[in-house]
Colleague: 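I have a structure here, written as structure tokens, and I will follow up with some questions on it.
Below, chain A is the first sequence line, B the second, and so on; all start at residue 1.
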Amino acid sequence: MTSDLLSQLNDGQRAAVEYCDGAQLVIAGAGSGKTRVLTYKIAYLLQEKGLKPWQILALTFTNKAAREMKERIAVLLNQQDEARSLQMGTFHSIFAHILRVEAQHIGFQSNFTIYDQADSRSLVKSIIKELDLDDKQYKPASVADRISMAKNHLVLPDAFPQSSLFDKKLPKVHEVYSQYVMRCRQANAMDFDDLLVNTFLLFEQHEDVRRKYVERFHYVLVDEYQDTNYAQQRIILQLTRERQRVCVVGDDAQSIYSFRGANIDNILNFRDAYDDARLFKLEQNYRSTQNIVQAANSLIRKNERQIPKDVFSRNDEGERLQLKPAYSDKEEAIIVCNDIKRLRRQEQAQWSDFAILYRTNAQSRSFEEQMRKDNIPYRIYGGMSFYQRKEIKDVIAYFRLVANPNDEEALKRVINYPARGIGDATVNKIVQTATTYGVSLWTVITQPVLFHLDVTRGTAAKLENFRQLVEGWMGRTGTTDAYVLGHAIIQESGVALDIHSSRDPEYLSRQENLEEFLSGMQSFVESRREEDEGDHVALSDFLQEVALLTDLDSDGDEDQPKVSLMTIHAAKGLEFPTVFIVGLEENIFPSLLSTGSMRALEEERRLLYVAITRAERHCIMTCAKNRFRYGRMEEDEPSRFIRDINPEFLQVDQPRQQADDFGQSRLPWQQRGGSRSSEWMQNSRPVATQFRADPKPRAIPPRREEPSVNPFSESFERQLKMASGGRFKPVRQMAPASPSSSPSSGSSSSSPSSSLREGMVIEHQRFGIGTVVKVEGHGENEKATVEFRNAGTKQLLLKFAKFSIVR
DNA sequence: CACGTCACTGTTTTT
DNA sequence: CAGTGACGTG
């Protein structure tokens, strides 16, 4: 069996798999079988070296990579269970798990919340406001990024002023950072970076805990090592410095995550960290044609900092890379779609054999539109992921609050959604009080008198109502499973009512998303229950799964082939027979922000290298001369990187002549026609002429959404299916929650003081005719919910509203 | 307090 | 062209 395993590898790969006696750095060129080495090595460790699956820790960059590797190992070993008990996952998910177990050692509770980037930014933003700093100078996003960077380098607040990240012009960042850390702690929350920092601190400050994990993990493997940051590198060292049984695999030429703190030095200096580290190189590319490999090599050679290597291919020579200049972003999409259709016919390919890769998510739009027109099935990865949508985030925030009431960001998100009369002023007072006393917002809400919370009696009552609402759910977590409780929360919070209050398309899609979310939740509960036999699946179990899921983790669609659209970052590790790299223009690729420094520019170049090396047979690049951006048409120059590719491997197409649209007036960039590539390709100044994007708007019949190509409808269930180990049952369709089905408990019992009652029809000055569906509150605060015929559902404060009763 | 309107502004990549 | 924040109105 084992000899069988090894015989499927080439010499370099086999050497890398067989060496198990010390630290090992495998430099794996693009397409050289990196994943193959990792999977075979793990199989080898299990079979030949007698390691138990739980003794092997394998860290990957994405959940998807981990999942695929597990599947491949299961196939290799013909053993499902062994593969399943491997400790394999992303740094973040593995460490989050360890931190839940060991939370008490570092002063957290094991039910801590994981703040996503939006939560972090929002917290930073409110701290900046509270410190009365100018948010033009202290931009929340960039301050948050700086704090993140500090954490990635294990620079704690105390050391921050002495670090190179400290900017004298922005001295207060230090204070924001300190505040931020304190607030997270009070909220019993960790952001993504804290999962690393706190793991490091846990091991650093608790030798016994570190020992425990060193004992457990006999062998540590790390994928995509070029994209690890300092914190990750140090944790790996903490776990491996005694045994030195560590294998890291990566390619410095594919390091593209420096904005996230990834440090190419980790890979360049690996041999300094371990005494006797051995270097292995994999240089034969099995993925791509010779032309693609050589074009990519010629590009990356322009970078200075790199480990020398000679990647080669013995596949067909293949065709040259192609560059197809387009007149506009619209035409760019047309060119790509036509090529997809053409190649699919010519090579009898599947839709899923094509990928469109771009630098920024925003670029997906023009392709989306064109593919709808052309009826090409597609799927967009990344971008706005399912649970970043407002309606999903709101619901998750309720769940988070129930699982961990100290969660500040969750509390702030839902305390007044749906509106319950607790406005910004009140929330600010709570925050201020909480900060003064160094407690969580929730603590203040539970004991407002103790903390001298200065609010009116009316507001105090509203807060008390809210507290009871949340505590009611908290009391049920132990006995009610996640799905039932989740459903109850959505009803009783009033979210269901709000979401079903209108019929306009936006609300309709929210309803659909929420239903999908719920049914995904139900399948999660069912599949979990199967595994853990009868034990009830708590809300927190569900949350822990959801917190670290990404849209990118959902697998490609097996039932229906589709063209993939994604950023180059998201495409890392993937391969496609045909790859389109679009938007090869200055200020897009390379991005405007990276043209300043050499380092940043080299990273952009590596990014293009990654993009090109995703292609197996065809690599087609496009650039547009005019691009619709910031609401207007702008002119773009072709990317400088085009000149970095050896012309021997590159074919530049003539810009396409659009006869019927432009037949008379020649385009400025085609003035000289001829055989050369166009004028602007030779970097001379284009003639400034006004053009419209689409001078003759083609008559296109208005199109309804194609349900068959809705890129989002499947995402969530798929993710949960993946998360629950791929075993999950089809669920019965949830009946949509009806607004009338659940009176929200308690609050509606008060008798209104005016003459307005449910069921009455009124005519409002602005909104017109409508039916009163609910009346609540007294006197000043009395308000009515009215369903207007033409204006949707509105809340009216009766003190102000101008209306008359019709009947 | 909630909601609508209007002006402004800023642009990368993601666990 | 979004998505956000300031402001006025009911």
Colleague: Where the side chain of A:Ala419 is defined as all heavy atoms beyond and including C-beta, which of B:dT11, B:dA2, B:dT13 is the nearest nucleotide?
Modeller: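 Minimum distance to the A:Ala419 side chain belongs to B:dA2.
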Colleague: Applying a 4.0 Å non-hydrogen cut-off, can you work out what A:Thr228 is touching in the nucleic acid: base, sugar-phosphate, or nothing?
Modeller: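 No contact.
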Colleague: Excluding sequence neighbours, so at least two apart, what forms ring-ring contact (aromatic ring centres under 6.0 Å, His included) with A:Tyr225?
Modeller: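 Partners of A:Tyr225 by the ring-ring contact (aromatic ring centres under 6.0 Å, His included) criterion, ordered by chain and then number, come out as A:Phe270.
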Colleague: Heavy atoms, side chains only, cut-off 4.5 Å: are A:Phe61 and A:Asp223 in contact?
Modeller: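 Side chain of A:Phe61 against side chain of A:Asp223, heavy atoms only: no contact under 4.5 Å found.
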Colleague: Does one side chain, of A:Asn152 or A:Asp193, offer a donor that lies under 3.5 Å from an acceptor on the other?
Modeller: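 Note: A:Asn152 and A:Asp193 side chains meet the donor-acceptor criterion.
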Colleague: In whole angstrom, what separates A:Asp636's CG from B:dT11's P?
Modeller: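 It is 18 Å, rounded to the nearest whole Å.
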Colleague: Kindly point out which of C:dA2, B:dT13, C:dC1 is positioned nearest to the side chain of A:Phe628?
Modeller: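 Out of C:dA2, B:dT13, C:dC1, the nucleotide with an atom closest to A:Phe628's side chain is C:dC1.
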Colleague: Taking atom C1' of B:dT13 as reference, at what distance in whole Å does atom CG of A:Leu574 sit?
Modeller: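 Whole-Å distance recorded here is 15 Å.
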Colleague: Just the rounded figure in Å: distance from P of C:dG3 to CG of A:Asn361.
Modeller: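 For the pair A:Asn361 CG and C:dG3 P, the rounded distance is 13 Å.
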Colleague: Side chain of A:His92: nearest nucleotide among B:dT13, B:dT15, B:dA2?
Modeller: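 Ranking B:dT13, B:dT15, B:dA2 by closest atom to the A:His92 side chain puts B:dT15 first.
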Colleague: Between A:Asn63 (CG) and B:dT14 (C1'), how many Å, whole number?
Modeller: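 Roughly 12 Å, once rounded to whole Å.
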Colleague: For A:Asn428, check side-chain hydrogen bond (donor to acceptor under 3.5 Å, both in side chains) against everything at least two apart and list the hits.
Modeller: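 A:Asn428 satisfies side-chain hydrogen bond (donor to acceptor under 3.5 Å, both in side chains) with no residue once adjacent residues are dropped.
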Colleague: Of all the choices, C:dC1, B:dC1, B:dA2, which nucleotide is nearest to the side chain of A:Ala425 once you look at every atom?
Modeller: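 Minimum distance to the A:Ala425 side chain belongs to B:dC1.
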Colleague: Applying ring-ring contact (aromatic ring centres under 6.0 Å, His included), name anything that partners A:Phe95, two or more places apart in sequence or on another chain.
Modeller: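 Result, ring-ring contact (aromatic ring centres under 6.0 Å, His included) vs A:Phe95: A:Phe91.
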Colleague: Side-chain N or O of A:Thr426 less than 4.0 angstrom from OP1 or OP2 on B:dC1?
Modeller: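 The answer is yes; a side-chain N or O of A:Thr426 sits under 4.0 Å from OP1 or OP2.
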Colleague: Would you mind classifying the nucleic acid contact of A:Ala362 as base, sugar-phosphate or nothing, using non-hydrogen atoms under 4.0 angstrom?
Modeller: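 No contact.
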Colleague: What's the closest nucleotide to the A:Ala570 side chain, out of B:dT14, B:dT12, B:dC1?
Modeller: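 Closest nucleotide to the A:Ala570 side chain: B:dT14.
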Colleague: Please name all residues satisfying ring-ring contact (aromatic ring centres under 6.0 Å, His included) with A:His569, sequence neighbours left out, ordered by chain then number.
Modeller: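 Partners of A:His569 under the ring-ring contact (aromatic ring centres under 6.0 Å, His included) test: A:Tyr257, A:Phe259.
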Colleague: Quick check on DNA chain B: between A:Ile422 and A:Leu593, whose nearest nucleotide comes earlier from the 5' end?
Modeller: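 Whichever sits nearer the 5' end wins; that is A:Ile422.
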Colleague: If you look at every heavy atom in A:Thr360 and A:Tyr358, which pair is closest and at what distance?
Modeller: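 Scanning both residues completely, I find the closest heavy atoms to be O-CD1, 3.1 Å.
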Colleague: By nearest atom, which of the nucleotides B:dT12, B:dT14, B:dT15 is closest to the A:Phe192 side chain?
Modeller: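 Taking heavy atoms from C-beta onward, the closest nucleotide is B:dT15.
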Colleague: Scan the side chains in residues 194-201 of chain A for donor-acceptor partners under 3.5 Å anywhere in the protein, sequence neighbours excluded, and list what turns up.
Modeller:
{"residue": "A:Asp194", "atom": "OD1", "partner": "A:Lys151", "partner atom": "NZ", "Å": "2.8"}
{"residue": "A:Asp194", "atom": "OD2", "partner": "A:Lys151", "partner atom": "NZ", "Å": "3.3"}
{"residue": "A:Asp194", "atom": "OD2", "partner": "A:Asp191", "partner atom": "N", "Å": "3.0"}
{"residue": "A:Asn198", "atom": "ND2", "partner": "A:Asp194", "partner atom": "O", "Å": "3.4"}
{"residue": "A:Thr199", "atom": "OG1", "partner": "A:Leu195", "partner atom": "O", "Å": "2.5"}

Colleague: Please report the distance, rounded to the nearest Å, between CG in A:Leu196 and P in B:dT14.
Modeller: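 In whole Å, B:dT14 P lies 18 Å from A:Leu196 CG.
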Colleague: Using the side-chain heavy atoms of A:Ser591, tell me which of these nucleotides is nearest: B:dT14, B:dT12, B:dT15.
Modeller: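 The listed nucleotide nearest to A:Ser591's side chain is B:dT12.
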Colleague: Output the residues of residues 250-263 of chain A in contact with DNA chain B, where contact means a heavy atom of the residue under 4.0 Å from an atom of the strand; sort by number or write none.
Modeller: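 Heavy-atom contacts with DNA chain B come from A:Tyr257, A:Phe259, A:Arg260.
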Colleague: When we call it a touch if two heavy atoms are under 4.0 Å apart, what does A:Asp424 touch: a base, just sugar-phosphate, or nothing?
Modeller: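 Since no nucleic acid heavy atom lies under 4.0 Å of A:Asp424, the category is nothing.
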Colleague: Determine: side-chain N/O of A:Asn416 to OP1/OP2 of B:dA2, distance under 4.0 Å, yes or no.
Modeller: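 So the side chain of A:Asn416 is within the cut-off, an N or O lying under 4.0 Å from OP1 or OP2 of B:dA2.
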Colleague: Between B:dT14 atom P and A:Glu224 atom CD, what is the distance in whole Å?
Modeller: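 So the two atoms are 15 Å apart, to the nearest Å.
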Colleague: Scan A:Arg606 against the nucleic acid and name what it touches under 4.0 Å (heavy atoms): base, sugar-phosphate only, or nothing.
Modeller: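 Nothing, no nucleic acid heavy atom in range.
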Colleague: In whole angstrom, what separates A:Tyr417's OH from B:dC3's P?
Modeller: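 About 11 Å, once rounded to whole Å.
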